[in-house]
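A short write-up of the structure that comes next.
Numbers restart at 1 for each chain; the letters A, B, ... are given by sequence-line order, proteins then strands.
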Amino acid sequence: MIEKEFEFYKAEGYTDVFNYMKKNYLPFAGGTDVMIKVKEGYLRTSGLLYIGDMLELKGIEKKDNSIFIGAAEKLTDIIKNTIVKENFPGLIQAIELIGSLQIRNQATLGGNLANCSPVSDSMPILMALDAKIHIVSENNRKIIELKDFPKGVCQTALETGEIIEKLEIPIINSKNYQAYRKFAQRPEVSIQKCSTAVVFEYENDEITIKKAKIAIGAVAVRALRCEKAEQMLKGQKLSPELIEKVANMVSEESKPISDIRSTREYRQKMVGEGFREIALKSV
Amino acid sequence: MKNNFKTVNHSVRKIDGLGLATGEELFTDDYDIRDCAVIKLMPSPYAYAEITDIDESEALKMEGVIDVLSYKNVERIMHTTAGQSYPEPAPYDCAIFDNTVRFVGDKVLAVIAEDEKTALKAIKKIKVKYNILEPALDYEKSEDRETSRVHTEKDAIQIIPIKFQPEKNIASEVNAVVGDVEKGYKESDEVMEDTFYTQYAHHCMMEPSSTKGYIDGRGRLVLITSTQVPFHTRRIVSHATKIPVSKIRVIKPRIGGGFGNKQEALLEPIVAFAVWKHRIPIKLILKRDEVFVFSRTRHPFRIKYKVGFNKNGEIKAIHLDALQNTGAFGTHALTVVSCVGSKILPLLNKIPNMLFTGKAVYTNLPAGGAYRGYGATQGYFAYTQMIDVICEKCGIDQAEYYKKWHIKTGETSEIFKALGEGKPGHIFKIDSCELTQCIDKGAEAIDWKSKKAKYSFKNKKNKNERYIKGIGMGCFMQGSSVPYIDMASVYIKMNDDGSFNLNLGATDLGTGSDTVLSQIAAEVLETSINNILVISSDTDVTPFDVGAYASSTTYLSGLAVKDCAEKIKKIIKKHAAKKLAVKEEDIDLFEGNAFIKGSKDSCSYGEICTSAMHIDEMEQIQATSSRVSKSSPPPFSAHFAEIVIDTLTGNIKVEKYVTATDCGVCINPKLAEGQVEGALVNGLSYALIEDYSFSKKGNMMNNGFGKYKIYTAADLPEIITIMAENSYENTGPYGAKSVAEVCINGPIPVIANAFYNATGKRLHKAPFKPEYILEILGE
Ligand SMILES: Cc1cc2nc3c(=O)[nH]c(=O)nc-3n(C[C@H](O)[C@H](O)[C@H](O)COP(=O)(O)OP(=O)(O)OC[C@H]3O[C@@H](n4cnc5c(N)ncnc54)[C@H](O)[C@@H]3O)c2cc1C
């Protein structure tokens, strides 16, 4: 493949971003996805725009019962952050499974979402956490639900001229349980075969499930929420029979294919197993 | 046996270790040659096609494009790329460029350009027309009438009888008979059969296949190349390009791993032809995706056994049948098949009736080649499980079974004679075998007997447990060199200050052989390893050596070094005796000095050499030695693994792995352990995750590290490495035999045996991916 030469510019603020994006520059933060595409020669843009140091895209803060994570925050910094740790242990668990330490030191959450691969490890858990994405463009700002963000393999709801500013994750005030299970060829530096993310929110009795949120990865062109399975759990207490039923439902709701990483049958079975494993651990 | 070695049997540092760490040692691509042009190969998009037309005119018009090489302008000379001794036991079934492409990724043509970018652009401008043929993709069907023949060219030949039958898609065939198996089956209480499959895999050496060439000031071709076989390469290049041997110099710099992959003259003929034609420096370095398909691979195999045995476990007859997928070319086809028999059947040498049938068949898939283990790895999958089955059926402990039946010191095996490399083998006796010791130590380290009983599926109380444990074991052997085929030679000269130049044909691939061989020289010469200056693998400077393969370097090249150093030692004594005015018998050498026995009168090596060169005799103290191996003493290893199976996900986790290995005296214990553990990681990864996945059209889908995963240090179990004590191989240098390959044979069958111990089920197909394990558990 041919390595094309690219113009390169470092954005200092939004004005730069929007100007350069009009000139068909591709924004990038950690570059762990973009640089591979550069090397492999299939980027069609005229230039590269580095947005990884923009203050507007940085910062992790708690406000109005939500936690906001800047799009250009490095995964390692998110893992280390105490408010994220306290509120979203499931997210930390997922992010720690992305690539290797070196990759996590470089990669950003905004990049992981915007890259929007069906095998993204942050997407399922963030969907289960009801995350929202704050999007900015030259003349507009908008907030969309993460579950509406992916449109297909590496295709997002982002329109021309838009970038992700930050992520908003609502804090769960009741007792809750969050977990992420990734199935892969080996534990480190391995893309998932499939994955299951689960968030249980409990009633005041701390065992009845008020709300269950289940998302699965790599079993369709995009990560999915398993709404039927979630419904089955609403207002219930976990029992072995219920876990079994829901696990089967999660499998049923998946639509995987066979490829080099795994088979359709295995993936379908495993997303259910992922749920079972998490559910059993939660009690 | 107590050894008083001074340098040998010590873990001295690798002589190139620091330089490799600091980046000062040079690999092929590090050699800066001004204005070095590059070659890029156009890969075949089809598994099987005839090239009907190539239009390179647009490419040739491009600025910076130097030439396009293809079958149209490169003389067709049939050869094999297999880097083996002449006459090679491999069919001459390839030309530098052919008008037929035989697998996806096969070379169609080569573009030579001033830089890589231009070369890649030029490739896009070349129009190639193909007549697409139906590919042969299933090796079990290769011989069927309906299957396409992969080699229909009339000029493909065998140069020694290896049963090359292209009309049947057979690259090679080999049989060996000891006794009469049919008679043996009749005498048996029970006869059973089974079939096993092993997969493609890649060596994944860090440094990709790389070759650079230029013309030196006297018009000779110099190739700097990442090779395990510099001398074979020189010969093969000369044959394939008609450049006289006298005009070729092959230099092997530092190598970033080979594992068999580089026992092949693959890129060198292309670069040699290009440089010779254009008289400019040119390089060819494969990218990783090319390395996976275009360089050599591990041959997939189907292995069948049929065994007859008695209630007491005694085997009366065994038939081992090996069907090898050699891919598009028959490189190492025969010899890898042979090793399925020759490196396995001697292990339990008291079986009276043995039949080995082996066949290598062509397909339109990547070509196999040499890879650590070399057929034994594939064969042990079947054999070691077979022993396990017999033990389970007869109620005998596996460890005790091996101890009773394994080949012992002083014994031999009929197989040594029956199976050679394209000719009959040679009988030899086992001079050292500490396998019983290895079995005992390994069993103790892992607590074999009690865990085996505890984990056995027969004793499992709770059938619904998610995680179940299992333990398995097996014993393995390999060889050390190929008797009466492998040859190594050495030249040593002494310098004014008492240091020595050690010029070796042998090839260090990162294995540490330069260090190990210096240790042997230093030991003989009673000097420090710092006084041994090694140059290895330069066809102009060093004498011949077959190269690094067949686990031969420490053993055979070590013998040549020892022999040569002993000659030097004699000469030193002669000079010292004259200088000190005593008889040669009265001279002792010690730490770089010659002493009169029982006295303090001495002279230093520096003084001896200085007077020999400048004052007295006026001669260079020097010697050469050349050795052929007369036996192939097997290293032995006993392996034990404890695994945990996740019955819900099918994941197998190896928790603990114990190896106990007899490689004779470890010349360098740390490097020997490194070989054991390296082979183990290599084998675990092969057993559990490595595989080639192909599209229906024969295109490899996972040719990159993003998709083809291998084990890293993070994925390893607890490893216990035991080296046998008191093993001394009298035919080897300072008691040494080989260690590099044997341990890769363990993981597949040992994990499979542990799986049986846990579940009562047998695994027949490697790798043991979770998808496959769930399927088996569900049966
Ligand atoms: C060796 C390796 C292993 C990996 N393993 C994993 C893994 O296990 N799991 C996993 O999920 N991923 C993995 N990845 C993928 C990658 O690391 C993640 O997707 C990463 O989070 C991307 O972040 P980045 O900042 O590097 O993105 P970049 O490469 O900078 O950008 C990625 C994409 O996002 C866009 N983008 C970036 N920031 C914004 C923004 N603020 N607004 C709009 N668009 C934006 C870019 O235009 C680009 O299209 C791996 C990558 C490598 C190289």
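- Contacts of A:R267 with chain B are absent, with no heavy-atom separation under 4.5 Å from either backbone or side chain.
- Taken from OG in A:S190 to CD1 in B:I689, the straight-line distance is 7.0 Å, to the nearest 0.5 Å.
- In this structure, A:Q185 CD and B:L688 CG are separated by 11.5 Å, a value rounded to the nearest 0.5 Å.
- For the residue pair A:E188 / B:T712, no side-chain donor-acceptor distance below 3.5 Å is found, with atom types taken as modelled.
- Panel note: side chain A:R186, backbone B:K709; no donor-acceptor pair is recorded below 3.5 Å.
- Within 6.0 Å of the OH atom in B:Y46, the count of heavy atoms belonging to other residues, nucleotides or ligands does not exceed 12.
- Taking 4.5 Å as the limit, some side-chain heavy atom of B:R466 sits within range of a side-chain heavy atom of A:E277.
- Contact of B:L648 with chain A is made through backbone and side chain together, with heavy-atom distances under 4.5 Å.
- One N or O on the side chain of A:Y266 and one on the backbone of B:T649 form a donor-acceptor pair closer than 3.5 Å.
- For a residue to count as touching a neighbouring chain, one of its non-hydrogen atoms must lie under 4.5 Å from one of that chain's; by this rule A:E273 touches chain B with the side chain only.
- Atom NZ of B:K761 is surrounded by more than 12 heavy atoms from other residues, nucleotides or ligands within 6.0 Å.
- How far NZ of B:K707 is from CD1 of A:I260: 4.5 Å, rounded to the nearest 0.5 Å.
- The number of heavy atoms from other shown groups lying within 6.0 Å of NZ (B:K656) is above 12.
- In this structure the side chain of A:K193 reaches within 4.5 angstrom of the side chain of B:E771, judged on heavy atoms.
- More than 12 heavy-atom neighbours from other residues, nucleotides or ligands sit within 6.0 angstrom of CD on B:E655.
- Enclosure of atom NZ in A:K37 by more than 12 non-hydrogen atoms of other residues, nucleotides or ligands within 6.0 angstrom is indicated.
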